[in-house]
Visitor: 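Next up is a structure, given as structure tokens.
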Amino acid sequence: MALLELYTKYNRVWIPDPEHVWKSAEILRDFQLGDNLLELLLEDGTHGHPVDPSKPQLPPLRNPDILVGENDLTALSYLHEPAVLHNLKVRFVESRIIYTYCGIILVAVNPYKQLPLYGDAIIHAYSGQNMGDMDPHIFAVAEEAYKQMARNHKNQSIIVSGESGAGKTVSARYAMRYFAVVSKSGSKTRVEDKVLASNPVTEAIGNAKTTRNDNSSRFGKYTEIGFDRRYRIIGANMRTYLLEKSRVVFQADNERNYHIFYQLCSCAHLPEFTSLKLCSADQFQYTCTGGDTTIEGIDDKKDMEETRRTFSLLGLKEDFQADVFRVLAAILHLGNVEIRNSGEDKSSVSPSDPHLAVFCELLGVSSEGLVRWLCHRRIVLVAETVVKPVPKERAVNARDALAKQIYSHLFDCVINKINTALQVPGKQHAFIGVLDIYGFETFEINSFEQFCINYANEKLQQQFNLHVFKLEQEEYMKEDIPWTLIDFYDNQPVIDLIEAKMGILDLLDEECLFPQGTDKSWLQKLYNYLDTSSLFEKPRLSNEAFVIQHFADKVEYQCRGFLEKNRDTLYEELVEIMRVSKVFKGPVLFCLLSFLSWITFSMRRRKRLGPVKFRSSLSLLMETLNATTPHYVRCIKPNDEKLPFEYDSRRVVQQLRACGVLETIRISAQSYPSRWTYIEFYSRYSILMSHQEADSTDKKQTCKNVLQRLIQFGRTKIFFRAGQVAYLEKLRLDRLRGACVTIQKHVRGWSRRRKYLQIREAAIVLQQYIRGKRTVRSVCAETLKRGWAAVVIQRHWRGYCMRQIYQIITLAAVTIQAFTRGWIARKRYKMMMKEHKALVLQKYARAWLARRRFQTMRRLVLNVQLSYRVQQLRKKIEEQVKTDTQRLAENRGLVERLTSLANTHSQTMDRLQGVEAQLGKSASQKASLEAREKKVKEDAFLVSLKFMANSFCSLRNPMLCRILGRIAENNTEIQRHDHEKEVQALKEEIKRLKEERVTLHRKLEEGVQVNSDLQEQVIQLTKHVKVIPELRRDLNNLQNQRNNMDRKMKHQSEQARGTDFLNLIHVDDFFVSHAAKQTSSPAIQKDYLGMLEYKREDEPRLIQNIILDLKPRGVVVNMIPGLPAYILFMCVRHADYLNDEDKLISLMNAIISAIKKSHHKDFELLSFWLSNMYQLLNCLKQYSGEEEFMKPNTPRQKKNCLQNFDLSEHRQILSDLAIHIYHQFIMIMEKTLTPTIVPGMLEHESLQGISCMKPTGFRKRSNSIYEDSETYTISSIIQQLSVFHSTMIQHGMEQNLIKQAFKQLFFLVGATTLNNIMLRKDMCSCRKGMQIRCNISYLEEWLKEKELQSSNAIDTLRPLSQAAWLLQVNKSTDDDAKQITDMCTELSSVQIVKILNSYTPIDDFEKRVTSSFVRKVQSLPQDREGSTQLMMDTDYRFQVTFPFCPSSQALELLQVPNSLHLGFLTRI
């Protein structure tokens, strides 16, 4: 395949563009060899690209859209700069993805926005995953480094580089946070927290605001995180490189000094800082040079609190912090010391300068000496020493040099203290280093700092190129592919130009040795010695600069300040003044004193401090990196305005060229960049094969036959050269296009033929009408009338027929309805009758059950009373024996008392008879009085009548009659009152007599009752006297037997106690039968009581055999479910029956301890004991005697309830233990099921004929292991679930508990699958959504098959189901956006946006989701509650409940199998 064959019509190419760097254009005509013009179509019209026919330099081809947006840039078919730039833009702007692989490099584009990508859930999602299985992420690089360290036992390094503001510090911080989370330290010092806490401190003293970044690291940092043999963090060590000391004394416009100065000034008003005599930052020279002293959105005061807090967390005490702040304040005051010009080449400092006084006070130095040696210099000659004044400029430089040196050594001192705090006892086994260092820098004015930075990047780039070359070689050797030398850029000449003999640094050191050496003289030497080098140039328009061709770009350096910064001048006199300080006693000041002593020693030996230290530290860094396995993170700054998700192609391409990404692309493009497995290739391109080839069983050989001349075949993969995958895509698209054309041809032909036949048929009909019209004109009117009449008759006849049919149908429908309604009514009537009869039966049954319960309860109460009375009688036997004599004496007294009571009784009877006689006499008197009263009334009435008649007759005077009538009435009234008083007195007397009679009757009855009681007591005591000798003999015999058994069998005390108890029961029965003269109480039944007796010393054997040694497989298979639980409960019942509290507590504690020890990490054992624990809890509830648990019990089960002890506390302990077993049981199942979820639910294609494979061609890491691993499918998940279910059923687990367990497992399946969708862009496609919904239907069918629909397990898959639906639904219009927000109720808005951004088309007919549609979805109101996190919490646990489920198993019918070796148990 020639490359020119791909420049055909409709293909697209990239052409250079001054604004966007590269612009896409479409080819209008096929390019032929010899053409001098390539016709292209741009967005603004036609454009021709000129081509030299002799050496055609055609523009780079554009990858097909299906290949755009890949996770790995090296997977692109066409590997060149525009393809990389466009792929990054599509991922960053459209998909909002900031991470992309480029071979072994992770390219991280700063989004300038907080993203939900760094939670603990995402850390755990990447933990244990192979690099490339998930979407690119900084956590994937950290996991790869951690895994290689653990697998290969080799130290690792993560090199994070990039421009200022690209996000290097944040990326390094996230990498260290990943190690802190996945590898917790084993010590109590929590060293991982200290490692993370060191970041705020180092950022405060080493970061500053620049024009490109508000928190720019102005030093390089290499943090070694140490691990022990168990790969847990054991300590850390930090090394720093190239601190930008010049920033302490000078800042460019819109830049700031180091953050710590502004934090300190913001807290100047606090009491602990008043002694430092600070003021606001804009009043200090060293903090206001850049202009604005604040940063928008940053609170320096809060940052100071955080800095002090992390100081304390690191164990740096208050005195250390006070010394640090004292030195920082001294530096600020030193910058405000005013140096004035005192004439020609002279300078002076006022002794009354307030800042000078504060500086000398804080550091305890002499102000006179400091003033003198700031403005003078000692020159040592051969014969004498001369003190010479210096001009103001040199004095200011000396002051600034002192400030820079103090800050530099303060920085080193703090780093050393942090390293000391990060060290913990223990031996380090391996480490992972995280290097955070600035990348290649080029500004408008580049000075000594940029030269050192770029020199360090040249060394790092050389190491990077060699490592990439080595990985390519290892990959080819592993796949048995012939190795050919790949030409790659070697920057060794540039490094030699800088550091070789007579190089730039060598000439710089030489010039520094001359006292009169200047920057210009050094530059002239560079021109003279290096003019022949092709990498060194002299600028055309400047004599104060030089140009170096670095690996990234040409950089022009201004020579001004090179010598001064290289010398790092600090006068020895100033150092001596600092050394004799009176306050160098604190930890920081003492550390500074040590540094100053070393400075003095170095200066006396004529050593240059800065360059030596930098070169030695850089050399040590390169040795460390070469001894480790490196991992690369390149941070890219997308724009200079710090706008979120804005992409400036010109700025990005500059950084890609500078950080080595394009060099990696170039190396990959020279070999075989695209690498596919045979299965992936066969699945994608089987359409290009013939029927015979496609039907072959050997897919690997089929692939080789088809592509024999195009590619290289490895052991496990196919290697394609650049452009070959795009060519295959073109062939595949041509084949599909041809197939579509064929289908369209046949469909259109069929449609045209059908239309033609319809037109032809219509034409024939028209012809017939036309011909018919010509013949109608010759027909007569009568024929027309007949025709119309026939039509009318037909109309009426058809109407009549239709009405008849309608009536028949209506009648049939009504008949059917009548019969149906009758049948429904009869059915309803029968149902009502059945319900009525059922109610009647229930009424009688419930009444019978109530009576039965009452009788059972009464018998139970009688038995309890009998037992209690027996115990009471047993306790009183000895007392009764002792009081026998007294009772016999009392009998005589009772007889005498009885005699006296008899006499009293006779007297009482006589008195009663007298009272009755008196009462009769009183009654007769009352009757006579009443007769007399009646007679007197009648006589008086008659006398009055006669008197009135006589008076009326004789006198006939009305007035007199009235007077006489009144007199008669008064007499009658007086008599009536007298009679009433007499009657009232008689009534009272009768009442008194009646009461006396009642009292006498009551006394008589009491006497009779006392007499009968005394007679009964006499009879009972007489019988007791007869029984007492027998009881005494029985008790003596029993006491002898008990004493003998105690002496002979002390180790069998429980058995002796039981025998004594049973014998006492027989004695008490005998006593009760004689005492109460009634039938003896029913004896203990001869059948089994549902208890198991064991000896106290056999308890360990019981626990060992029934719990510790019992295995689910083997003997347990043939048992009834829950038998161990029943056996243990029957032993508990026996301890309760004996009322032995010690034995019961010992047994319960032994059961709990043994079960805690028994459930290991074995699924069957956990399932077995979870089922038995649940059964044991149910038994303890069912037989507890509590009313709520006894309702479903049978009478016999009620009889078997516990009698003496309340085990509710032990039930709670067992319930907590059961919950613990349940969670371990779930963890084991999740651990077993988790490896199958992602392959089965996502990766396996369950729908045949629908391939979700996309031409990724991802390049695995060189250390990846290409071994055939087990392939999991949805059938594997279902099979594993079936194994779980069958095991639970076999062990007799309660159905409710099974439902809870599978609800938890289904939640794990849904959450794990959804989390992988969120982190795998290749899984976000329409066809993958179809596969997921198909797999969910398989799981739903399994639930129906196992009758677990009521567990609500399928509801836990609703988020996954909605995500699958979201992948399939249309995503273009406003209605689609509204539908998505309405339907995806279980997904958070963050998850919806993530899926939309990650949606990846599989074929050309699919369209990407536009960013405008995503914004439209985000703008819609979403009233939903829930988490806004991207990931679901796979560790979430539903609350487990253990509902009460009574057992119908009769305890008395259970038998202990011999296989359990429990022969020492006895059934009672």
Side-chain angles (χ1 to χ4, degrees), residues 69 71 90-100 108-126 134-140 167 170 174 177-178 181 643-646 1238 1242 1307 1310-1325 1328-1329 1332 1356-1369 1371 1376-1400 1408-1436:
N71 286 338
V90 169
R91 289 175 63 85
F92 183 70
V93 178
E94 297 182 8
S95 300
R96 301 299 176 98
I97 299 174
I98 65 173
Y99 292 112
T100 306
V109 185
N110 193 343
Y112 291 113
K113 183 179 180 180
Q114 291 293 333
L115 299 178
L117 298 178
Y118 306 101
D120 288 347
I122 296 183
I123 290 178
H124 294 306
Y126 276 90
M134 311 282 280
D135 281 351
H137 203 287
I138 184 65
F139 293 157
V170 175
Y174 282 135
R177 178 169 172 262
Y178 181 88
V181 172
L643 300 175
F645 291 104
E646 291 293 331
V1238 175
L1242 285 179
F1307 173 78
T1312 304
T1313 307
L1314 184 61
N1315 288 347
N1316 272 267
I1317 291 176
M1318 297 298 167
L1319 299 177
R1320 295 185 63 173
K1321 185 174 180 290
D1322 57 320
M1323 294 298 167
C1324 296
S1325 63
K1328 187 57 66 177
I1332 294 172
T1356 61
L1357 298 180
R1358 288 177 62 187
L1360 178 62
S1361 178
Q1362 293 179 6
W1365 175 85
L1366 179 58
L1367 292 175
Q1368 293 181 264
V1369 74
K1371 297 174 274 291
D1376 295 337
K1378 182 69 167 57
Q1379 185 183 16
I1380 288 173
T1381 56
D1382 293 340
M1383 294 295 295
C1384 299
T1385 56
E1386 297 295 327
L1387 298 176
S1388 66
S1389 58
V1390 178
Q1391 292 172 330
I1392 294 175
V1393 171
K1394 176 64 175 177
I1395 293 175
L1396 293 177
N1397 285 330
S1398 301
Y1399 182 79
T1400 304
R1408 296 182 182 275
V1409 181
T1410 61
S1411 56
S1412 60
F1413 181 81
V1414 177
R1415 289 193 295 269
K1416 192 180 302 177
V1417 173
Q1418 288 178 298
S1419 64
L1420 291 175
Q1422 298 175 354
D1423 299 332
R1424 64 186 69 186
E1425 298 180 357
S1427 173
T1428 58
Q1429 296 294 325
L1430 177 66
M1431 308 287 287
M1432 292 185 67
D1433 184 9
T1434 55
D1435 295 330
Y1436 174 78

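These values consider heavy atoms only, across backbone and side chains, with no hydrogens, waters or symmetry-generated copies. Just so it is clear, the structure is predicted and the values come from calculations on it, not from any experiment.
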Visitor: Indicate the atoms forming the closest heavy-atom contact of Y1399 with L1367, along with that distance.
Guide: CE1-O, 3.4 Å

Visitor: Are the side chains of F1413 and R1408 in touch, meaning some heavy atoms are under 4.5 Å apart?
Guide: no

Visitor: Taking all non-hydrogen atoms of both residues, which atom of N110 and which atom of G167 are closest, and how far apart?
Guide: ND2-N, 3.8 Å

Visitor: Could you check whether any side-chain N or O of S1398 sits under 3.5 Å from a backbone N or O of I1395, counting only pairs where one atom can act as donor and the other as acceptor?
Guide: no

Visitor: Pair K1321, T1400 - check side chain to side chain donor-acceptor pair (under 3.5 Å), show working.
Guide: CA-CA 7 Å; K1321 185 174 180 290; T1400 304; 3.2 Å; yes

Visitor: Is there side-chain contact between L1366 and L1396, with heavy atoms separated by less than 4.5 Å?
Guide: yes

Visitor: Tell me, with the steps shown, if I98 and F92 meet side-chain contact (heavy atoms from CB on, under 4.5 Å).
Guide: CA-CA 6 Å; I98 65 173; F92 183 70; 4.0 Å; yes

Visitor: Measuring from T1410:OG1 to K1371:NZ, what's the distance to the nearest 0.5 Å?
Guide: 11.0 Å

Visitor: If you look at every heavy atom in V90 and G69, which pair is closest and at what distance?
Guide: CG1-CA, 4.5 Å

Visitor: Hey, what do you get for CG (L1242) to OG1 (T1312), rounding to the nearest 0.5 Å?
Guide: 10.0 Å

Visitor: Just so I know, are the side chains of L1360 and I1317 near enough to count as touching, which here means a heavy-atom distance under 4.5 Å?
Guide: yes

Visitor: Could you tell me whether a side-chain N or O of Y126 sits under 3.5 Å from a main-chain N or O of Y178, the two making a donor and an acceptor?
Guide: no

Visitor: Just jot down the side chain to side chain donor-acceptor pair (under 3.5 Å) partners of D120, sequence neighbours excluded, or say none.
Guide: R177

Visitor: For a 4.5 angstrom cut-off between non-hydrogen side-chain atoms, does D135 reach Y99?
Guide: no

Visitor: Using the test side chain to side chain donor-acceptor pair (under 3.5 Å), find all partners of K1378 that sit at least two apart in sequence or belong to another chain.
Guide: D1382

Visitor: Ignoring hydrogens and geometry, is there a side-chain-to-backbone donor-acceptor pair from E94 to N1397 under 3.5 Å?
Guide: no

Visitor: Looking at OG of S1411 and CZ of F645, how far apart are the two atoms once the value is rounded to the nearest 0.5 Å?
Guide: 11.5 Å

Visitor: Please find the pair of heavy atoms, one from C1384 and one from I1392, that lie closest to each other, and give the distance.
Guide: CB-CD1, 3.8 Å

Visitor: Check whether any side-chain heavy atom of M1431 sits under 4.5 Å from a side-chain heavy atom of L1319, and report yes or no.
Guide: yes

Visitor: Calculate, to the nearest 0.5 Å, the distance between atoms CG and CZ belonging to L1314 and R1358 respectively.
Guide: 14.0 Å

Visitor: Could you check whether any side-chain N or O of Q1362 sits under 3.5 Å from a backbone N or O of P1359, counting only pairs where one atom can act as donor and the other as acceptor?
Guide: no

Visitor: Heavy atoms only: give me the nearest V1390-P116 pair and the separation to one decimal.
Guide: CG1-CG, 3.6 Å

Visitor: Roughly how far, to the nearest 0.5 Å, is the OH atom of Y174 from the CD1 atom of I122?
Guide: 10.5 Å

Visitor: Under 4.5 Å between any side-chain heavy atoms of H124 and V181, yes or no?
Guide: yes

Visitor: Tell me every residue that passes side chain to side chain donor-acceptor pair (under 3.5 Å) with T100, counting only those two or more places apart in sequence or in another chain.
Guide: R91

Visitor: Do the two ring centres, one from H137 and one from Y118, sit under 6.0 Å apart?
Guide: yes

Visitor: What's the shortest heavy-atom distance between T1434 and A1311, and which atoms?
Guide: CG2-CB, 3.8 Å

Visitor: How many angstroms lie between CE in M1318 and CE in M1432, if you round to the nearest 0.5 Å?
Guide: 9.0 Å

